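In listed order, ligands and their atoms are each counted from 1. Because only heavy atoms are used, hydrogens play no part in the values below, and waters and symmetry mates are left out as well, while side chains stay in. Small disclaimer: the values here were computed from a predicted structure and weren't measured.
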Amino acid sequence: MADKLTKREQLYLEEIEAWKKASEIHADNAISQYKIASTGLEKIHFEKKRNEAILGQLNDGVIVFDGQHQIIIFNNQAENFFGMSATQALSQNFDNLMESFNPEILTYTRKQLLKNAQFQRHTLLNNKRYISCRLDIISIESDVYYLLLLEDVDDFLRLQQALKKEKKSLEKRVNNRTDELQKEIAKKEQAKQLAEKLSLTDMLTELPNRRAFLIELSRCISQSELQNDFTFSLLFIDLDGFKSINDTLGHYAGDVLLIEVSKRIQNAIRNLDVCARLGGDEFVILIENFSDEERITEIANTLLSSIAEAVQFNDTQQMNVSASIGIYLHQPQGKYFNSSSILTMADEAMYEAKQRGKNGYVVFDQGLFERMAKSNSLIQKLNLAFINKEFLVYFQPICDVNGKIIGAESLARWQHKGEMISPAEFIPLLEQRGQINTFTLFVIETVFLALLQNEHFPSVSINLSILQFYDENFIEYVDEMFMGLPELRKKIGFEITESLLHKDPKILIKGIKELRKRGFKVYIDDFGTGYSSFSYIRNFSADVVKIDREFVVDIENNPRNYLLLKGMVALLESMALDIVIEGVENEQQLTLIQAMSQQIKIQGYYFYRPMPFDEILELLVE
Ligand code: C2E
Ligand code: CA
Ligand code: CA
C-alpha cells in the first residue's frame, strides 16, 4: 500500500491523523467518506486551513467542547485569555481546564450545564481583565456540543465610565447655555443662509463650485432635450505646471495663482457664461447658446494666451503656467448624454491636449471617440463606459427568514461588449483613478430615482468606498438630494466593508455618525473578514451587520462552521444589532439559520440573485 501513495498523499495522511487526534467530531466519517482519494484529501486539507484562518482572525475567544466535555476547538484568542497553547488545551477535558484556571467560571458553567439552559452574558474578573462569556448548547444530529464565546470587555467598561462622566459635565454646560441660546438662534439662521450660499461657492476663488456647476449643466441638458435648437459647449481647463509652482513656491503662491487665473478666465468670457472651479487646478466653462466650433476655439485661444502671461508673485518673483483645454460641443438632436458623460468627454479631450504637448486645446470628436474605443488602456475603457452609459445598477433582494422581500442591495454592473464585468474588478480601478466619487453618486442617483418613482420599493443599501469619507462634500451632497423627503431618506442605508474599518477609524466613526445624524442607516458589510472583534464594532455604532458569506459556506456539513455562525449571531443579537446573512445558497442552510433566530435577514442565491431594476419591480408588484 505504501508504495502506491505519493509523497504528497502521505503528507496529507499524516495531517489527517493529526487533525483526527485534535478533533474527534469528524475525522472518522470524513476519512471514510473521502476514501483517501487525493481530491478528497485536498478538500479536508482545505477545510482545516480555512477553519483555522477564520477562527484565528477573531478577536474573541472561541472554545468548543463535546458532550463528554472534551475540548475540540480552542482558538488563538482563547490561548491569550487562558495563557496556554491550543495543543495543551486540546489534550484536556473542559472541567480540568476550568478547575486549573478559575473556579468561578466552573461553578457557573456546571450549574448551567446541569440545567441544560442557555447561559446568559456574564462578566467576571479574570487576570484583572473583564471577560464576558456566553455559553450556547447546540445539538447536531444526536450529539451535543457546547460553544463558549469569550470577549474582552475591559476597554468597553472603561469607555462607558468615561462617557458617564462626560455626560454629567455636558448637562451642566447645556444648562448654563440655555439663556444664551435664544440669541444664538438668530445668529445661526444667518449662518445657515451663508453656509447655503457658500456650499455652492468655491471658497478660494469665489467662483461656483462643482455642485453649482453640475446643477447648471443638468439644466442645460434638460433644456436641450426640450428645445431642439438649444445648444451649449463646455471647456475643461487644466493648468500645466501648477504642481511645480506649489512644490517650489509653496501653497500660498499656488493660491495666488489660482485666484489670478480665475480672474483672467472671467475676463475672457461673457457674464452669462458659467465658469466654475471643479477642484485643484481644474476649471470649467459652460457656454450657453452656441456650439459653433470656430467661435469656441477662438475663446480657447484667448484663454490660452491670457493664462500663459506671467503672474507677478512678489517684487522679485514671477510665476509661469499654461493650460490644456478639452472642449465638448453639444450636437443638437444628437445622442443623449448625462452630466458625467459630458464631463468625461471634455476631460478626455483635455488629456489628449496634454498628450499633444500641452498649452493647447482639443475638441472631443468622433475620431477621439474611436481612438478611445480601440485603445487597450483601461482608463480609456472606463471613460468610454461613462460616455456610453455602460454602467448599470442591479438589485439583490434581502428577505426575512420566510423569503418575503424586505429590502435590497444595489450592486453595480458594467456591461461591456455584451459581457458583464464584475464590480470586484472595476471598483478598484475607479478608486485608483479617482472616479469612485462620481461613480457612487451615479449609483445613489439611480437608487434615488427608483425610490422616488416607486413608493412600494423597499429599503435599499448602497455600497460606499472608504474614499467617499475623504470628500468633504459627499455627505452634504447626499443630504441635499433627500432634502424634504423624510420617507425616502429612512429607506437608504450605506454599506461600509468591515475589512476597511481599521484603516482610518477616526474619519469613519465621524462619517458614520454624520450619516446617521441625517437619518440614513449604516451597515457594516462583510463582517468577519477583517479585524472581527465584537467589541470593536460597537465603536462604529452601526444599525445593521452583514455577516460575510464565508461563514455560511458548508454549515450544513461542517459542525465547526455551523457553531461559529451560530455564536456570531447570538453575540450580535445580544448587542441589539440587525443581522443580514449573506450567501445563503440552499435550503439546508436556510433551515439551520431559521432555527437560530427568526429576526435574521437573508440575502443569497437561494432566494434571489441580483437582477435588473425592471425585474425586481415586477417581483414587488406581485
Ligand atoms: P458585496 O457588497 O459583499 O456584495 C455581495 C456580493 O455577493 C455580490 O457580488 C452578490 O452578487 C454576491 N452574492 C449574493 N448572494 C450570493 C450567494 O448566495 N452566493 C454567492 N456566491 N454570492 C452571492 P457582486 O455583485 O459581484 O459584487 C461584488 C462586490 O463589489 C460587492 O461585494 C461590493 O463590495 C462591490 N460593489 C458592488 N457594487 C458596488 C458599488 O456600487 N459601489 C462600491 N463601492 N462597491 C460595489
Ligand atoms: Ca455590500
Ligand atoms: Ca457583503
Side-chain angles (χ1 to χ4, degrees), residues 340 382 385-386 390-399 403 405 407-415 419-448 450 459-471 474 478 492-501 503 508 511 521-530 532 542-556 565 568 579-590 593 601-613 615-616:
S340 58
L382 279 176
F386 274 111
E390 293 173 352
F391 290 124
L392 305 171
V393 178
Y394 270 34
F395 293 87
Q396 184 178 26
I398 297 176
C399 304
I405 300 178
E409 175 176 9
S410 62
L411 291 162
R413 293 289 178 269
W414 181 8
Q415 196 163 32
E419 182 197 347
M420 283 285 188
I421 302 176
S422 157
E425 268 178 63
F426 69 82
I427 297 284
L429 288 174
L430 289 165
E431 287 181 331
Q432 277 167 26
R433 252 237 100 187
Q435 286 175 317
I436 191 70
N437 281 336
T438 318
F439 183 78
T440 308
L441 291 179
F442 154 74
V443 176
I444 298 174
E445 280 158 16
T446 310
V447 170
F448 174 75
S459 315
V460 181
S461 55
I462 297 166
N463 292 287
L464 290 188
S465 151
I466 190 171
L467 297 178
Q468 243 84 48
F469 291 90
Y470 295 95
D471 174 9
F474 171 70
V478 179
I492 297 289
F494 289 105
E495 299 197 0
I496 299 156
T497 179
E498 188 234 33
S499 59
L500 294 177
L501 291 183
K503 280 227 164 126
L508 280 169
K521 302 232 163 25
V522 172
Y523 293 34
I524 301 296
D525 197 6
D526 309 326
F527 183 71
T529 56
S532 344
D543 302 277
V544 184
V545 169
K546 298 181 81 171
I547 299 181
D548 192 72
R549 67 165 178 271
E550 195 177 345
F551 293 88
V552 179
V553 175
D554 217 22
I555 52 167
E556 66 275 33
L565 181 66
M568 286 174 100
I579 301 171
V580 176
I581 298 187
E582 297 190 296
V584 177
E585 291 185 349
N586 60 46
E587 191 167 355
Q588 294 106 289
Q589 292 175 343
L590 179 69
I593 292 169
K601 291 165 188 113
I602 308 280
Q603 179 181 358
Y605 293 171
Y606 178 64
F607 283 135
Y608 301 103
R609 289 182 176 250
M611 57 185 82
F613 175 67
E615 279 177 33
I616 190 169

Minimum heavy-atom separation for [X] to [Y], with atom names?
X    : Y    : result
A412 : P423 : O-CG, 3.5 Å
F527 : I524 : CD1-CG2, 4.4 Å
A385 : W414 : CB-NE1, 3.4 Å
S461 : K546 : OG-NZ, 4.5 Å
P397 : R609 : CD-O, 4.0 Å

Do any heavy atoms of T440 fall under 4.0 Å from ligand 1?
no
Roughly how far apart are R549 CZ and Q603 CD, rounded to 0.5 Å?
9.5 Å
Can you tell me how far apart CD1 (I466) and CG (L500) are? Round to the nearest 0.5 Å.
5.0 Å
What part of [X] sits under 4.0 Å from ligand 1 if we count only heavy atoms: the side chain, the backbone, both or neither?
X    : result
D526 : side chain
R609 : neither
A412 : both
N463 : both

Might you work through the side chain to side chain contact (heavy atoms under 4.5 Å, CB included) test for E409 and Y523, ending with a clear yes or no?
CA-CA 11 Å; E409 175 176 9; Y523 293 34; over 6 Å; no
Ligand-side contact atoms (ligand 1) for residue partner [X], heavy atom cut-off under 4.0 Å:
X    : answer
V443 : 41 (O)
V584 : 18 (O)
E409 : 2 (O), 4 (O)

Kindly determine whether I462 and F448 satisfy side chain to side chain contact (heavy atoms under 4.5 Å, CB included), including the steps that lead there.
CA-CA 11 Å; I462 297 166; F448 174 75; over 6 Å; no
Please list, chain by chain and in numerical order, all residues satisfying salt bridge (charged side-chain N to carboxylate O under 4.0 Å, His left out) with D543, sequence neighbours excluded.
R516
Among residues at least two apart in sequence or on other chains, which ones pass salt bridge (charged side-chain N to carboxylate O under 4.0 Å, His left out) with K601?
D578
Would you check if Q435 and F386 make a side-chain contact, meaning some heavy-atom pair closer than 4.5 Å?
yes
What's the shortest distance from [atom] to any protein heavy atom, and which residue and atom give it?
atom                    : value
atom 11 (O) of ligand 1 : P610 CG, 3.3 Å
atom 37 (C) of ligand 1 : P423 CB, 3.6 Å
atom 6 (C) of ligand 1  : R549 NH1, 3.8 Å
atom 16 (C) of ligand 1 : Y605 CE2, 3.2 Å
atom 31 (C) of ligand 1 : L411 CD2, 4.3 Å
atom 19 (N) of ligand 1 : E585 OE2, 2.5 Å
atom 5 (C) of ligand 1  : E582 OE2, 3.9 Å
atom 2 (O) of ligand 1  : D525 OD2, 2.9 Å

Atom 25 (O) of ligand 1: which of Q396, Q468, E495, R413 has the nearest heavy atom?
R413
Under 4.0 Å from atom 22 (N) of ligand 1, is there any protein heavy atom?
yes
Which atom pairs, donor and acceptor, lie under 3.5 Å between side-chain atoms of residues 580-588 and protein residues at least two apart or in another chain?
unit_1 : atom_1 : unit_2 : atom_2 : d
N586   : OD1    : Q588   : N      : 3.2
N586   : OD1    : Q589   : N      : 2.8
N586   : ND2    : E556   : OE2    : 2.9

Test side chain to side chain contact (heavy atoms under 4.5 Å, CB included) applied to I444 and F474, step by step:
CA-CA 11 Å; I444 298 174; F474 171 70; 3.8 Å; yes
Atoms (protein N, O or S; no water) under 3.0 Å from the Ca ion (ligand 2)
4
F426/F391 under ring pair (Phe, Tyr, Trp, His ring centres under 6.0 Å): CA gap, chis, key distance, verdict:
CA-CA 10 Å; F426 69 82; F391 290 124; 5.4 Å; yes
